[in-house]
Amino acid sequence: INNTNNQQPSSINPRLIIIKYPTSHRTAASISIHFETSMNGQPSPKRQRIDEVVDVTSSSTKNNDNDSAVSNSPSSKEELMPPCPKVPPVASTERKVKRDGGWRWASQHGMDPPSVVYGPKDTALWPEEAAELFRATKINRDPKYASRYMRWWFENHEGKPARVPKIPKSAYTLYYTEQKHSIFLSAGKFHQKKDGKKIGAAWKLLAEEDKQPYIDKFASLKAQREEHEEWWDEKIAKWRENRRERLRSEGVELDLQKRRNAGLEPLCECSKCGPISDIYAN
(Lines give C-alpha, C1' and ligand atoms only; values in the text may rest on other atoms or scores of the structure.)
Protein backbone atom coordinates (compact mmCIF):
# COMPACT_ATOMS: atom_id res chain seq x y z
CA ILE A 1 0.00 0.00 0.00
CA ASN A 2 1.42 3.35 -1.02
CA ASN A 3 0.84 5.67 1.91
CA THR A 4 1.61 9.20 0.76
CA ASN A 5 0.20 10.88 3.89
CA ASN A 6 2.48 8.87 6.23
CA GLN A 7 -0.55 7.33 7.86
CA GLN A 8 -0.27 3.97 9.55
CA PRO A 9 -2.54 1.46 7.83
CA SER A 10 -4.60 -0.81 9.98
CA SER A 11 -3.76 -4.48 10.25
CA ILE A 12 -5.02 -6.91 7.64
CA ASN A 13 -7.86 -8.93 9.10
CA PRO A 14 -8.88 -12.09 7.23
CA ARG A 15 -12.60 -12.79 7.26
CA LEU A 16 -14.01 -16.26 6.73
CA ILE A 17 -17.19 -16.18 4.68
CA ILE A 18 -19.28 -19.25 3.80
CA ILE A 19 -21.13 -18.76 0.51
CA LYS A 20 -24.46 -20.57 0.40
CA TYR A 21 -25.57 -21.95 -2.96
CA PRO A 22 -29.10 -21.37 -4.27
CA THR A 23 -29.75 -25.07 -3.69
CA SER A 24 -28.92 -25.88 -0.10
CA HIS A 25 -28.80 -29.66 -0.61
CA ARG A 26 -25.14 -29.83 -1.54
CA THR A 27 -22.90 -31.71 0.84
CA ALA A 28 -20.12 -29.23 0.28
CA ALA A 29 -19.91 -25.46 0.40
CA SER A 30 -17.40 -22.97 -0.86
CA ILE A 31 -15.31 -21.09 1.64
CA SER A 32 -13.86 -17.77 0.56
CA ILE A 33 -11.15 -16.04 2.55
CA HIS A 34 -11.06 -12.33 1.75
CA PHE A 35 -8.11 -10.24 2.85
CA GLU A 36 -9.23 -6.65 3.24
CA THR A 37 -7.43 -3.56 4.45
CA SER A 38 -8.98 -0.38 5.70
CA MET A 39 -7.57 3.10 5.44
CA ASN A 40 -9.29 5.72 7.60
CA GLY A 41 -12.17 3.35 8.14
CA GLN A 42 -12.79 2.80 4.41
CA PRO A 43 -12.43 -0.84 3.30
CA SER A 44 -10.50 -1.54 0.13
CA PRO A 45 -11.66 -3.99 -2.58
CA LYS A 46 -11.27 -7.68 -2.00
CA ARG A 47 -7.78 -8.81 -2.79
CA GLN A 48 -7.63 -12.53 -2.63
CA ARG A 49 -10.04 -15.41 -2.75
CA ILE A 50 -9.21 -18.97 -1.78
CA ASP A 51 -11.86 -21.58 -2.46
CA GLU A 52 -11.78 -24.83 -0.61
CA VAL A 53 -14.41 -27.49 -0.67
CA VAL A 54 -15.36 -28.46 2.86
CA ASP A 55 -17.93 -30.70 4.44
CA VAL A 56 -21.02 -29.15 5.93
CA THR A 57 -22.96 -32.29 6.71
CA SER A 58 -21.00 -32.92 9.91
CA SER A 59 -22.20 -29.60 11.31
CA SER A 60 -25.77 -30.87 11.15
CA THR A 61 -25.26 -33.97 13.27
CA LYS A 62 -27.10 -32.39 16.18
CA ASN A 63 -30.88 -32.43 16.36
CA ASN A 64 -31.24 -35.07 13.66
CA ASP A 65 -34.88 -35.59 14.47
CA ASN A 66 -35.72 -31.91 14.01
CA ASP A 67 -33.65 -31.64 10.84
CA SER A 68 -35.34 -34.68 9.28
CA ALA A 69 -38.78 -33.32 10.14
CA VAL A 70 -38.00 -30.00 8.48
CA SER A 71 -36.33 -31.54 5.42
CA ASN A 72 -39.29 -33.88 4.81
CA SER A 73 -41.77 -31.02 4.65
CA PRO A 74 -43.11 -30.15 1.16
CA SER A 75 -41.73 -26.62 1.32
CA SER A 76 -38.19 -27.90 1.94
CA LYS A 77 -38.49 -30.30 -0.99
CA GLU A 78 -39.60 -27.46 -3.23
CA GLU A 79 -36.53 -25.52 -2.14
CA LEU A 80 -34.20 -28.48 -2.69
CA MET A 81 -35.66 -29.27 -6.12
CA PRO A 82 -37.04 -25.98 -7.48
CA PRO A 83 -38.76 -25.81 -10.89
CA CYS A 84 -36.67 -24.86 -13.88
CA PRO A 85 -37.25 -21.32 -15.23
CA LYS A 86 -38.04 -20.66 -18.89
CA VAL A 87 -35.08 -18.30 -19.38
CA PRO A 88 -31.58 -18.92 -17.96
CA PRO A 89 -30.95 -16.58 -15.02
CA VAL A 90 -28.22 -13.99 -15.59
CA ALA A 91 -25.99 -12.65 -12.81
CA SER A 92 -25.78 -9.09 -14.16
CA THR A 93 -26.99 -7.75 -17.50
CA GLU A 94 -25.21 -4.44 -16.96
CA ARG A 95 -21.89 -6.24 -16.62
CA LYS A 96 -22.40 -7.92 -20.00
CA VAL A 97 -23.49 -4.66 -21.64
CA LYS A 98 -20.34 -2.87 -20.49
CA ARG A 99 -18.07 -5.76 -21.48
CA ASP A 100 -19.52 -6.47 -24.92
CA GLY A 101 -19.25 -3.66 -27.46
CA GLY A 102 -21.89 -5.34 -29.64
CA TRP A 103 -24.57 -4.30 -27.15
CA ARG A 104 -23.64 -0.63 -27.49
CA TRP A 105 -23.38 -0.82 -31.29
CA ALA A 106 -26.80 -2.48 -31.57
CA SER A 107 -28.45 0.07 -29.28
CA GLN A 108 -26.98 2.94 -31.27
CA HIS A 109 -28.31 1.56 -34.57
CA GLY A 110 -31.72 0.44 -33.30
CA MET A 111 -31.01 -3.26 -33.73
CA ASP A 112 -31.58 -6.23 -31.45
CA PRO A 113 -28.65 -6.84 -29.11
CA PRO A 114 -26.53 -9.95 -29.62
CA SER A 115 -27.30 -13.07 -27.65
CA VAL A 116 -25.88 -13.34 -24.16
CA VAL A 117 -22.84 -15.57 -23.68
CA TYR A 118 -23.09 -17.06 -20.21
CA GLY A 119 -20.27 -17.50 -17.74
CA PRO A 120 -19.52 -19.02 -14.33
CA LYS A 121 -21.34 -16.25 -12.45
CA ASP A 122 -24.49 -17.04 -14.43
CA THR A 123 -24.30 -20.82 -14.08
CA ALA A 124 -24.01 -20.42 -10.29
CA LEU A 125 -27.69 -19.37 -10.39
CA TRP A 126 -28.79 -22.35 -12.50
CA PRO A 127 -29.85 -25.82 -11.40
CA GLU A 128 -26.87 -28.11 -10.93
CA GLU A 129 -27.95 -30.29 -13.86
CA ALA A 130 -28.07 -27.29 -16.23
CA ALA A 131 -24.71 -25.96 -15.05
CA GLU A 132 -23.00 -29.31 -15.67
CA LEU A 133 -24.58 -29.58 -19.12
CA PHE A 134 -23.41 -26.07 -20.03
CA ARG A 135 -19.83 -26.78 -18.99
CA ALA A 136 -19.74 -30.03 -20.96
CA THR A 137 -21.20 -28.39 -24.08
CA LYS A 138 -18.78 -25.48 -23.82
CA ILE A 139 -15.83 -27.90 -23.71
CA ASN A 140 -17.08 -29.88 -26.72
CA ARG A 141 -18.03 -26.82 -28.81
CA ASP A 142 -17.63 -23.18 -27.76
CA PRO A 143 -19.26 -20.72 -25.31
CA LYS A 144 -21.57 -19.15 -27.91
CA TYR A 145 -22.97 -22.49 -29.05
CA ALA A 146 -23.29 -23.66 -25.44
CA SER A 147 -25.21 -20.49 -24.51
CA ARG A 148 -27.60 -20.90 -27.44
CA TYR A 149 -28.09 -24.56 -26.57
CA MET A 150 -28.89 -23.77 -22.94
CA ARG A 151 -31.53 -21.21 -23.95
CA TRP A 152 -33.21 -24.01 -25.95
CA TRP A 153 -32.79 -26.41 -23.01
CA PHE A 154 -34.38 -24.07 -20.47
CA GLU A 155 -37.30 -23.35 -22.81
CA ASN A 156 -38.02 -27.07 -23.28
CA HIS A 157 -37.70 -27.89 -19.58
CA GLU A 158 -39.68 -25.02 -18.10
CA GLY A 159 -41.22 -26.04 -14.79
CA LYS A 160 -39.30 -29.33 -14.53
CA PRO A 161 -38.21 -30.03 -10.94
CA ALA A 162 -34.48 -30.15 -10.33
CA ARG A 163 -32.92 -33.56 -9.96
CA VAL A 164 -32.68 -35.30 -6.63
CA PRO A 165 -29.82 -33.96 -4.48
CA LYS A 166 -26.70 -36.06 -4.30
CA ILE A 167 -25.47 -37.56 -1.04
CA PRO A 168 -22.06 -38.93 0.06
CA LYS A 169 -21.28 -42.38 -1.27
CA SER A 170 -20.55 -43.96 2.10
CA ALA A 171 -19.96 -43.30 5.78
CA TYR A 172 -16.25 -43.13 5.04
CA THR A 173 -16.87 -40.20 2.70
CA LEU A 174 -18.46 -38.27 5.57
CA TYR A 175 -15.42 -39.00 7.74
CA TYR A 176 -13.00 -38.12 4.92
CA THR A 177 -14.52 -34.73 4.19
CA GLU A 178 -14.68 -33.87 7.89
CA GLN A 179 -11.01 -34.73 8.39
CA LYS A 180 -10.06 -32.89 5.20
CA HIS A 181 -11.70 -29.76 6.54
CA SER A 182 -9.88 -30.13 9.83
CA ILE A 183 -6.49 -30.59 8.16
CA PHE A 184 -7.03 -27.61 5.89
CA LEU A 185 -7.95 -25.32 8.79
CA SER A 186 -4.95 -26.43 10.86
CA ALA A 187 -2.26 -26.63 8.14
CA GLY A 188 -3.66 -24.16 5.62
CA LYS A 189 -3.46 -26.70 2.79
CA PHE A 190 -4.40 -30.27 1.97
CA HIS A 191 -2.15 -32.74 0.14
CA GLN A 192 -4.41 -35.18 -1.66
CA LYS A 193 -1.99 -38.11 -1.76
CA LYS A 194 -0.16 -37.79 1.57
CA ASP A 195 -3.02 -36.54 3.75
CA GLY A 196 -5.52 -38.80 2.00
CA LYS A 197 -3.51 -41.89 2.99
CA LYS A 198 -3.40 -40.69 6.59
CA ILE A 199 -7.18 -40.29 6.68
CA GLY A 200 -7.70 -43.76 5.21
CA ALA A 201 -5.35 -45.33 7.76
CA ALA A 202 -7.05 -43.47 10.62
CA TRP A 203 -10.46 -44.73 9.49
CA LYS A 204 -9.26 -48.34 9.57
CA LEU A 205 -8.00 -47.89 13.13
CA LEU A 206 -11.26 -46.40 14.39
CA ALA A 207 -13.32 -48.52 16.74
CA GLU A 208 -16.82 -49.56 15.75
CA GLU A 209 -18.41 -47.23 18.30
CA ASP A 210 -16.46 -44.30 16.80
CA LYS A 211 -17.59 -45.22 13.27
CA GLN A 212 -21.23 -45.61 14.28
CA PRO A 213 -22.14 -41.87 14.17
CA TYR A 214 -20.98 -41.67 10.55
CA ILE A 215 -22.82 -44.88 9.68
CA ASP A 216 -26.02 -43.56 11.27
CA LYS A 217 -25.66 -40.25 9.48
CA PHE A 218 -25.19 -41.97 6.13
CA ALA A 219 -28.22 -44.21 6.73
CA SER A 220 -30.30 -41.13 7.53
CA LEU A 221 -29.16 -39.37 4.34
CA LYS A 222 -29.85 -42.49 2.28
CA ALA A 223 -33.40 -42.81 3.63
CA GLN A 224 -33.97 -39.13 2.99
CA ARG A 225 -32.77 -39.49 -0.60
CA GLU A 226 -35.15 -42.41 -1.21
CA GLU A 227 -38.04 -40.28 0.01
CA HIS A 228 -36.90 -37.44 -2.25
CA GLU A 229 -36.76 -39.82 -5.21
CA GLU A 230 -40.37 -40.87 -4.65
CA TRP A 231 -41.47 -37.24 -4.45
CA TRP A 232 -39.44 -36.40 -7.58
CA ASP A 233 -40.95 -39.30 -9.58
CA GLU A 234 -44.44 -38.01 -8.84
CA LYS A 235 -43.49 -34.45 -9.75
CA ILE A 236 -41.73 -35.38 -13.00
CA ALA A 237 -44.66 -37.56 -14.12
CA LYS A 238 -47.07 -34.70 -13.47
CA TRP A 239 -44.79 -32.23 -15.27
CA ARG A 240 -44.46 -34.54 -18.31
CA GLU A 241 -48.25 -34.89 -18.55
CA ASN A 242 -48.74 -31.11 -18.27
CA ARG A 243 -46.17 -30.60 -21.03
CA ARG A 244 -47.99 -33.01 -23.33
CA GLU A 245 -51.32 -31.29 -22.70
CA ARG A 246 -49.78 -27.89 -23.39
CA LEU A 247 -48.23 -29.02 -26.68
CA ARG A 248 -51.53 -30.65 -27.72
CA SER A 249 -53.52 -27.48 -27.01
CA GLU A 250 -51.02 -25.35 -28.92
CA GLY A 251 -51.07 -27.67 -31.93
CA VAL A 252 -47.30 -27.90 -32.12
CA GLU A 253 -45.79 -29.27 -35.33
CA LEU A 254 -44.03 -32.55 -34.59
CA ASP A 255 -42.41 -33.39 -37.92
CA LEU A 256 -38.72 -32.57 -37.70
CA GLN A 257 -38.30 -31.63 -41.38
CA LYS A 258 -41.31 -29.31 -41.33
CA ARG A 259 -40.01 -27.63 -38.20
CA ARG A 260 -36.65 -27.05 -39.89
CA ASN A 261 -38.31 -25.59 -42.98
CA ALA A 262 -40.31 -23.24 -40.76
CA GLY A 263 -37.18 -22.18 -38.87
CA LEU A 264 -38.28 -23.82 -35.62
CA GLU A 265 -36.06 -25.55 -33.11
CA PRO A 266 -36.59 -29.30 -32.53
CA LEU A 267 -38.45 -30.48 -29.46
CA CYS A 268 -36.54 -32.16 -26.67
CA GLU A 269 -36.91 -35.96 -26.48
CA CYS A 270 -34.71 -36.72 -23.49
CA SER A 271 -35.57 -39.36 -20.92
CA LYS A 272 -37.37 -36.77 -18.78
CA CYS A 273 -39.43 -35.24 -21.59
CA GLY A 274 -40.28 -38.50 -23.36
CA PRO A 275 -40.53 -39.18 -27.10
CA ILE A 276 -42.57 -36.86 -29.31
CA SER A 277 -44.81 -39.75 -30.41
CA ASP A 278 -46.25 -39.86 -26.88
CA ILE A 279 -47.67 -36.36 -27.17
CA TYR A 280 -50.67 -37.45 -29.22
CA ALA A 281 -50.75 -40.98 -27.81
CA ASN A 282 -53.97 -42.08 -26.16
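If you're wondering where the values come from, they're calculated on a predicted model, not measured in any experiment.
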Salt-bridge criterion met for E241 and R246 (N-O under 4.0 Å):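 Looking at R246 together with E241, the answer is no, because their closest N to O distance does not fall below 4.0 Å.
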
Electrostatic pair E158-R243, nearest N-O below 4.0 angstrom: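 So E158 does not pair with R243 through a salt bridge.
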
Okay, side chain of [X], backbone of [Y]: is any donor-acceptor separation there less than 3.5 Å?
X    : Y    : answer
D210 : L206 : no
D122 : G119 : yes
R225 : I167 : no

Nearest non-hydrogen partners of [X] and [Y], listed with the distance:
X    : Y    : answer
W126 : P89  : NE1-O, 2.9 Å
S147 : V117 : OG-CA, 3.4 Å
Y118 : P88  : OH-CG, 3.5 Å
F190 : I199 : CE1-CD1, 3.9 Å

Side chain proximity check, [X] to [Y], heavy atoms < 4.5 angstrom:
X    : Y    : result
I236 : R240 : yes
M81  : K235 : no
C273 : C268 : yes
Y149 : L133 : yes

Within one Ile-Leu-Val-Met-Phe-Trp-Tyr cluster: L264 and F154, side-chain cutoff 4.5 Å: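 Unlinked, L264 and F154 end up in two clusters.
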
Y176 and Y172 aromatic ring geometry - parallel, tilted or perpendicular at 30°/60° bounds: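 Y172 and Y176: tilted rings.
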
Parallel, tilted or perpendicular: rings of H157 and W239 (30°, 60°):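 W239 vs H157 ring planes: parallel.
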
